[in-house]
Amino acid sequence: MATAIDTLATYDAIAATGLDEKAARAISKAIADAAATYREDLATKSDLGKVEAELKGDIAEVKSSIKVDIAVLRELIATTQNKTLIWMFGMLVTFSGIIIGFIKLT
């Protein structure tokens with residue numbers, strides 16, 4: 001959590017500029033109130049550390065998922081290539097047989 005505003009130090013700094021006591025108190029209070037209002041929205045090093053740890057975990061999870069997907073795709077490509085080669089060899093044998101058959105008929 002963010003540290004609180006030192007209103008006395010703020011008042012002293014403002015009063016040292018030559019403003020009257022009433023104005024210095026009002027400005028000091030306004031600064032402290034504004035800081036208190038938005039204090040919950042401020043991120044601390046601890047908050048950022050938690051977010052960093054979560055992001056690192058998410059990134060590691062995505063990396064492992066991508067590695068699995070890549071392995072599956074490699075296997076699919078290898079299988080597809082093998083099927084294509086078998087089909088092409090089968091077509092070569094079939095067409096060779098047809099050509100040899102035509103040659104023997106003539």
Side-chain angles (χ1 to χ4, degrees):
M1 177 174 266
T3 58
I5 300 292
D6 184 359
T7 53
L8 181 58
T10 306
Y11 166 78
D12 289 341
I14 295 170
T17 64
L19 283 175
D20 64 1
E21 182 181 330
K22 189 175 182 180
R25 282 186 185 179
I27 293 171
S28 178
K29 183 173 180 347
I31 291 171
D33 290 346
T37 300
Y38 298 107
R39 186 171 290 128
E40 292 178 10
D41 294 336
L42 297 177
T44 62
K45 286 183 181 181
S46 175
D47 294 335
L48 295 177
K50 290 175 186 175
V51 171
E52 181 182 18
E54 287 178 22
L55 288 176
K56 283 183 179 180
D58 291 347
I59 289 170
E61 185 179 320
V62 169
K63 279 183 178 179
S64 66
S65 174
I66 288 173
K67 285 180 182 178
V68 168
D69 291 345
I70 288 172
V72 169
L73 285 174
R74 282 185 178 161
E75 181 64 31
L76 181 65
I77 289 170
T79 304
T80 304
Q81 286 175 341
N82 290 340
K83 288 180 181 179
T84 303
L85 287 174
I86 292 170
W87 181 82
M88 289 176 66
F89 182 73
M91 293 301 290
L92 178 67
V93 169
T94 302
F95 286 126
S96 296
I98 292 171
I99 291 172
I100 290 172
F102 280 131
I103 291 174
K104 287 196 177 203
L105 284 176
T106 57

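This structure is a prediction, so every number in the text was calculated from the model and none was measured.
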Residues in side-chain contact (heavy atoms from CB on, under 4.5 Å) contact with A13, at least two apart in sequence or another chain: none
Closest non-hydrogen atom pair between T10 and S28, with its separation: CB-OG, 3.7 Å
Residue list, side-chain contact (heavy atoms from CB on, under 4.5 Å) with A43, at least two apart or on another chain: D47, L48
Linked hydrophobic residues, L55 as query - side chain contacts closer than 4.5 Å: V51
Just list the side-chain donor-acceptor pairs under 3.5 Å for residues 87-101, sequence neighbours left out, or say none.
unit_1: T94; atom_1: OG1; unit_2: G90; atom_2: O; d: 2.8
unit_1: S96; atom_1: OG; unit_2: L92; atom_2: O; d: 2.7

Under the side chain to side chain donor-acceptor pair (under 3.5 Å) test, residues paired with K29 that sit two or more places apart: D33
Hydrophobic cluster of L85, others only, ordered by chain and residue number, side-chain cut-off 4.5 Å: none
Partner residues of A15 under the side-chain contact (heavy atoms from CB on, under 4.5 Å) criterion, sequence neighbours left out: Y11, A24
Transitive ILVMFWY cluster of I70, excluding itself - 4.5 Å side-chain cut-off: V62, I66
Pairwise salt bridge (Lys or Arg N to Asp or Glu O under 4.0 Å) hits with a residue in residues 12-23, at least two apart: E21-R25
Residue pairs fulfilling salt bridge (Lys or Arg N to Asp or Glu O under 4.0 Å) with at least one residue in residues 60-80, sequence neighbours excluded: none
Qualifying residues under salt bridge (charged side-chain N to carboxylate O under 4.0 Å, His left out), relative to K56, sequence neighbours excluded: E52
Apart from I86 itself, residues in the same hydrophobic cluster as defined by side-chain heavy atoms under 4.5 Å: none
